[in-house]
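Numbers restart at 1 for each chain; the letters A, B, ... are given by sequence-line order, proteins then strands.
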Protein chains: 2
Amino acid sequence: MYSSLRNSIERFISLSDDDWNLLVPHLEIRKLKKHELLAEIGKASNDVGFVLEGMLRHYYLKDGEEKTTYFYFENHFVTSYISCITKQPSQLSIEALSDCVLIVFPYTIFQDLFEKSMTWQKFGRLIAEYIAIGLEERMVGLLMLSPEERYLELIKGNKIKIIERVPQHYIANYLGITPVSMSRIRNRVAKK
Amino acid sequence: MYSSLRNSIERFISLSDDDWNLLVPHLEIRKLKKHELLAEIGKASNDVGFVLEGMLRHYYLKDGEEKTTYFYFENHFVTSYISCITKQPSQLSIEALSDCVLIVFPYTIFQDLFEKSMTWQKFGRLIAEYIAIGLEERMVGLLMLSPEERYLELIKGNKIKIIERVPQHYIANYLGITPVSMSRIRNRVAKK
DNA sequence: CTAAAACGATAACATAAGATAAGAAAAATG
DNA sequence: CATTTTTCTTATCTTATGTTATCGTTTTAG
């Protein structure tokens with residue numbers, strides 16, 4: 001039942017059954033209908049999700065407008081990470097883009113495990129490093145590439161499923177441009 | 001001698017003397033002349049620095065041009081973090097902007113400490129989380145703010161010393177704009 | 001100290017992106 | 001299945017940014 005979660009964790013670190021069994025009692029299945037939220041702007045979030053089915057996005061608000069900056073698909077973790085770490089109100093909302101099935105557990109439980117087990121403490125570090133690497137790569141793209149180059153990177157890269165599964169105006173947000181501009185870029189690129 | 005380093009570490013986690021003494025034998029003082037490098041593009045880097053005096057920048061290369069994306073000042077760590085973690089060649093070079101005095105130690109030693117001591121393991125996590133939070137904030141700024149807004153944030157924020165101490169064309173890179181555009185923004189902002 | 005290099009402001013021009021609106025196509029909803 | 005609603009494209013207009021070049025000024029380096 002929870003094997004896909006265990007597999008994903010073990011891509012970072014191998015778990016003894018004892019370590020794994022420290023977590024299992026706190027896991028629960030949560031189903032989200034399309035448009036339901038896993039985290040909400042202004043509210044501290046303590047939930048860590050793991051996507052079994054469906055997809056989600058997270059967005060910030062700027063002048064009343066939603067700015068989508070990330071997507072979550074099957075077999076990936078989804079959480080308002082900064083809010084979990086800092087215990088501050090979440091700056092972002094996480095919304096189901098389709099009906100979803102998640103495994104969910106509280107981040108505070110995770111933090112307890114960090115103190116109880118060197119294995120989990122190390123996993124906590126590896127996850128943070130993984131997130132930092134992803135953010136660094138993306139930030140460099142934003143600083144060094146033009147919107148068109150970022151679009152081309154996106155469709156070339158392994159993130160192809162984003163294009164296929166997500167409305168384009170969300171992707172435009174993700175690339176830091178307007179939907180209109182993204183449409184023009186697509187037109188321009190298609191002609192080459 | 002190394003007390004400022006210990007103080008900075010203890011802003012994340014309190015260290016027993018035993019923990020601290022695991023690290024001390026591996027510390028060394030390194031002086032860099034202006035323009036000397038702590039890390040170099042294409043070469044795997046294993047050095048973690050802590051700035052006692054001076055300042056540094058790091059830059060990527062795009063089409064033969066240097067793109068400066070970060071600065072390091074006194075009492076902060078400086079390292080090609082991604083290269084240390086991944087053991088892959090560094091994508092960036094770290095250059096002294098002035099004569100510098102650093103405390104330096106090898107990241108591999110640090111990784112040994114992670115395995116030897118729960119305290120250091122936890123510190124490794126906290127540092128990675130700290131870096132992730134900083135990257136997230138900056139990325140959101142790049143995605144949601146205009147160049148002018150980013151400039152205003154920079155001069156309003158606690159990063160004021162960047163403006164005062166660093167050549168403007170480096171700051172333009174940092175903000176993701178050209179030096180010419182930054183000069184125009186400065187002109188525009190001054191008139192308001 | 002002097003020549004060279006780096007730096008910052010500014011101008012002129014070309015280009016791309018933002019804002020807005022309109023309309024067609026697609027998807028969601030009841 | 002019919003009607004909203006959402007999504008995407010296209011067009012127009014405006015504006016900000018990029019590009020390139022010039023020109024003092026400051027800083028650097030020999």
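For D/dT9, the OP1/OP2 oxygens have no side-chain nitrogen or oxygen of A/N187 closer than 4.0 Å. Close to D/dC8, at under 4.0 Å from its OP1 or OP2, lies no side-chain N or O of A/S183. For D/dA29, neither phosphate oxygen OP1 nor OP2 lies less than 4.0 angstrom from any side-chain nitrogen or oxygen of B/K34. In terms of phosphate contacts, B/R184 brings no side-chain nitrogen or oxygen within less than 4.0 Å of OP1 or OP2 of D/dT19.
When DNA chain C is scanned 5' to 3' for any atom under 4.0 Å from a heavy atom of chain A, the first and last hits are C/dA17 to C/dA28.
Rounded to whole Å, the distance from CG on A/L175 to P on D/dC8 is 13 Å. The distance from atom CG of B/D99 to atom C1' of D/dT28 is 13 Å, rounded to the nearest whole Å. A/I185 places its CD1 atom 15 Å from the P atom of D/dC8, with the value rounded to the nearest Å. Atom CE in B/M182 sits about 17 Å away from atom P in D/dT19, given to the nearest Å. As a whole-Å value, the separation of B/L97 CG from D/dT27 C1' is 14 Å. We find that NZ of B/K67 is positioned 10 Å from C1' of D/dG18, with the value rounded to whole Å. If you take NE2 of B/H35 and P of D/dG30, they are 11 Å apart, rounded to a whole angstrom. One can place CE of A/M144 at 15 Å from P of D/dG18, the figure rounded to the nearest angstrom.
The side-chain contact (heavy atoms from CB on, under 4.5 Å) test applied to A/S3 returns no partner, not counting sequence neighbours.
Out of D/dT7, D/dT19, D/dG18, the shortest distance to the side chain of A/P167 is found at D/dT7.
Scanning both residues, A/F73 and A/V51, for their nearest heavy atoms gives O-CB, 3.3 Å. A pairwise comparison of heavy atoms in A/M118 and B/E115 identifies CE-O, 3.4 Å as the closest pair.
Panel note: side chain A/D99, backbone A/K33; no donor-acceptor pair is recorded below 3.5 Å.
Remark: A/R57 qualifies as a cation-pi partner of A/Y170 under the 6.0 Å distance and 45° angle criteria applied to the six-membered ring. Note that B/R138 lies in the cation-pi zone of B/Y174, set by a 6.0 Å cut-off to the ring centre and a 45° limit from the axis.
Two different hydrophobic clusters hold A/I41 and B/M139 under the rule that ILVMFWY side chains link at heavy-atom gaps under 4.5 Å. Hydrophobic clustering (side-chain heavy atoms under 4.5 Å, transitive across Ile, Leu, Val, Met, Phe, Trp, Tyr) groups B/L135 together with A/L126.
Looking at which nucleotide of DNA chain D each of B/T178 and A/H169 is closest to, the 5′-most match is held by A/H169. Nucleotides of DNA chain C nearest to B/S181 and B/Y170 differ in position, and the one nearer the 5' end is that of B/Y170. Toward the 5' end of DNA chain C, the nearer of the two residues B/Q168 and A/S146, judged by each one's closest nucleotide, is B/Q168.
Axis orientation changes by 70° from one end of the helix from C/dC1-D/dG30 to C/dG30-D/dC1 to the other, with each end axis drawn from 5 pairs and the value rounded to 10°.
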- Message: Under the criterion ring-ring contact (aromatic ring centres under 6.0 Å, His included), I'd like the reasoning laid out for B/H26 against B/F110: C-alpha separation, chi angles, the key distance, then a yes or no.
- Response: CA-CA 9 Å; B/H26 304 100; B/F110 223 42; over 10 Å; no
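Counting any heavy atom pair closer than 4.0 Å across all strands shown, B/P147 reaches sugar-phosphate atoms only and no base atom.
A/T108 and A/N46 share a side-chain donor-acceptor pair at under 3.5 Å.
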